[in-house]
Amino acid sequence: MAITNCNIKEVTNKQVISSHHITGFPKEGDMHINTTTIKLKLPEEEDSKGAVLLKNLILSCDPYMRGVKAESKGRLFYSFNPGKPIIGYGVAKVVDSRHPNFRVDDLVWGPTSWEEYTVVTNERQLENLFKIEHTDVPLSYYTGIMGERFCFSDFVGGEMLDTVLPNMRALGRIAICGMISQYELEKPYAITNITNILFKKIKMQGFIVYDYYHLFPKYYDFILPHIRQGHIVYAEDVTEGLESGPNALQRLFKGNNSGKQIIVIAKD
């Protein structure tokens with residue numbers, strides 16, 4: 001619903017709020033829907049210089065969000081801050097901008113809040129907000145295969161990693177992209193097959209996607225032709241409406257999704 005106030009359009013803004021400090025994997029009851037209002041024009045004050053106002057179109061549900069459960073220096077964002085909207089990756093449209101890199105109606109992907117409209121002022125989040133240049137593929141792909149690249153890659157850790165190590169070839173490489181099995185353990189799983197790293201001369205390295213954003217143009221040159229020609233089949237599990245967010249996130253952590261879990265909250 002739109003409200004006109006002093007010639008600046010004001011609209012309702014639904015949000016998915018983290019209700020409290022979450023223990024264990026997120027459940028629907030850990031989140032609630034809040035409705036506030038927002039003006040569709042950034043203020044002219046100095047504080048908003050460099051800010052971008054986004055209309056969120058698609059939100060991404062990802063296991064790493066559970067790992068980002070405490071504020072810490074060096075982290076791009078904190079997903080579950082009690083009393084505030086959840087933060088993750090998504091696709092959005094620029095409604096207003098005071099940032100030189102973004103213009104009204106630009107499509108972008110990057111960190112955003114779980115709400116209909118978001119004002120991004122955080123400098124690091126703005127640095128990790130990217131304009132979408134290729135619109136001939138589904139925009140939802142920018143929450144997965146075209147955005148958060150996934151690179152044996154280990155997202156699980158623990159017993160799974162322990163099982164893999166004896167089956168690795170000599171000089172094999174492992175990219176550690178996540179540790180979903182370990183995020184909620186008071187005592188992490190103790191790896192017993194770690195000597196394989198030595199005797200098989202395995203290279204194991206942590207992989208954080210935003211360390212490689214500068215390589216995205218080269219990656220797009222490689223991946224786009226395969227997508228356009230139908231050589232890559234990419235499965236998505238889609239829910240619609242911001243209200244479906246808490247259930248979609250719960251489905252992800254229960255393993256009930258089939259494909260990349262996303263939430264479509266607006267078409268344009």
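Side-chain contact check for Leu161 versus Met204: some heavy-atom pair is nearer than 4.5 Å. A 4.5 Å side-chain heavy-atom check between Ile191 and Leu165 finds at least one atom pair inside the cut-off. Counting heavy atoms from C-beta outward, Glu10 and Leu40 have side chains that stay 4.5 Å or more apart. Side-chain contact check for Leu215 versus Tyr219: every heavy-atom pair is 4.5 Å or farther apart. Annotation: side chain of Leu59 is not in contact with side chain of Ile262 (no heavy-atom distance under 4.5 Å). You'll find the side chain of Thr143 reaches within 4.5 Å of the side chain of Val91, heavy atoms only. Taking 4.5 Å as the limit, every side-chain heavy atom of Asp221 sits out of range of all side-chain heavy atoms of Phe216. Proximity of Leu57 to Val264: side-chain heavy atoms (C-beta onward) are nowhere separated by under 4.5 Å.
Between Phe207 and Tyr212, the ring center distance clears the sub-6.0 Å criterion. Tyr141 and Trp109 have their aromatic ring centers separated by at least 6.0 angstrom.
A salt bridge links Lys27 and Asp30; the closest N-O separation between the charged side-chain nitrogens and carboxylate oxygens is under 4.0 Å. Ion pair Glu44/Lys49 not flagged as a salt bridge, since none of the NZ, NE, NH1 or NH2 atoms sits closer than 4.0 Å to an Asp/Glu carboxylate oxygen.
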* Mind running side chain to side chain donor-acceptor pair (under 3.5 Å) on Lys260 and Ser60 for me, showing each step along the way? => CA-CA 8 Å; Lys260 169 70 179 180; Ser60 179; 2.7 Å; yes
* Asp62 vs Tyr89, side chain to side chain donor-acceptor pair (under 3.5 Å): CA-CA, chis, key distance, verdict -> CA-CA 9 Å; Asp62 297 291; Tyr89 277 82; over 6 Å; no
* Stepwise side-chain contact (heavy atoms from CB on, under 4.5 Å) check, Ile263 with Glu240 -> CA-CA 6 Å; Ile263 307 157; Glu240 295 201 359; over 6 Å; no
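When all heavy atoms of Asn257 and Gly259 are compared, the pair lying nearest together is ND2-O, 2.8 Å. The shortest heavy-atom contact between Gln125 and Phe77 is NE2-CB, 3.7 Å. Contact record, Ser140 with Glu236: OG-OE2, 2.7 Å, taken as the closest heavy-atom pair. Here the shortest heavy-atom pairing between Trp114 and Cys61 reads CH2-SG, 3.7 Å. A pairwise comparison of heavy atoms in Pro26 and Met31 identifies CB-CE, 4.2 Å as the closest pair. The two atoms that bring Glu115 and Asn13 nearest to each other are OE1-ND2, 3.3 Å, heavy atoms only.
With values rounded to the nearest 0.5 angstrom, Ile174 atom CD1 is found 4.0 Å from Met168 atom CE. Atoms NZ and OG, from Lys84 and Ser113 in turn, are 10.0 Å apart once rounded to the nearest 0.5 Å. The OG atom of Ser18 lies 10.5 Å from the CD1 atom of Ile87; values are rounded to the nearest 0.5 Å. Remark: Ile38 CD1 to Leu53 CG distance equals 5.0 Å, nearest 0.5 Å. In this structure, CG in Leu42 is found 7.5 Å from OG in Ser97, a value given to the nearest 0.5 Å. Here His32 contributes atom NE2 and Gln15 contributes atom CD; the two are 8.5 Å apart, rounded to the nearest 0.5 Å.
Remark: the backbone N or O of Gln205 is not paired with any side-chain donor or acceptor of Arg173 at under 3.5 angstrom. Of the possible polar contacts, none joining the Lys55 side chain to the Asp105 backbone as a donor-acceptor pair under 3.5 Å is found. Between the side chain of Asn256 and the backbone N or O of Leu252, no donor-acceptor pair lies under 3.5 Å.
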For residues 130-137, dump all side-chain donor-acceptor pairs below 3.5 Å to protein atoms at least two apart in sequence or in another chain.
from	atom 1	to	atom 2	distance (Å)
Asp136	OD1	Arg228	NH2	3.3
Asp136	OD2	Arg228	NE	2.6
Asp136	OD2	Arg228	NH2	3.1

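Residue pairs satisfying the side-chain hydrogen bond (donor to acceptor under 3.5 Å, both in side chains) criterion with at least one member in residues 244-253, sequence neighbours excluded, are listed as follows: Glu28-Asn247, Asp237-Arg251, Thr239-Ser244. Within the structure, salt bridge (charged side-chain N to carboxylate O under 4.0 Å, His left out) pairs that include any residue of residues 202-215 do not occur (at least two apart or interchain).
Not counting sequence neighbours, Lys201 has no partner by the salt bridge (charged side-chain N to carboxylate O under 4.0 Å, His left out) test. Residues meeting the ring pair (Phe, Tyr, Trp, His ring centres under 6.0 Å) test with Phe222, sequence neighbours left out: His226.
Remark: Glu243 CD is packed, more than 12 non-hydrogen atoms of other residues, nucleotides or ligands lying under 6.0 Å away. Within a 6.0 Å radius of CG in Asp268, no more than 12 heavy atoms belonging to other residues, nucleotides or ligands are found. A 6.0 Å sphere centred on CD of Glu123 holds no more than 12 heavy atoms belonging to other residues, nucleotides or ligands.
Under a 4.5 Å side-chain heavy-atom cut-off, the cluster of Ile, Leu, Val, Met, Phe, Trp and Tyr residues that includes Val94 is completed by Val52, Leu54, Phe102, Val108, Val120, Leu126, Leu129.
A side-chain donor-acceptor contact under 3.5 Å links Thr112 and Asn56.
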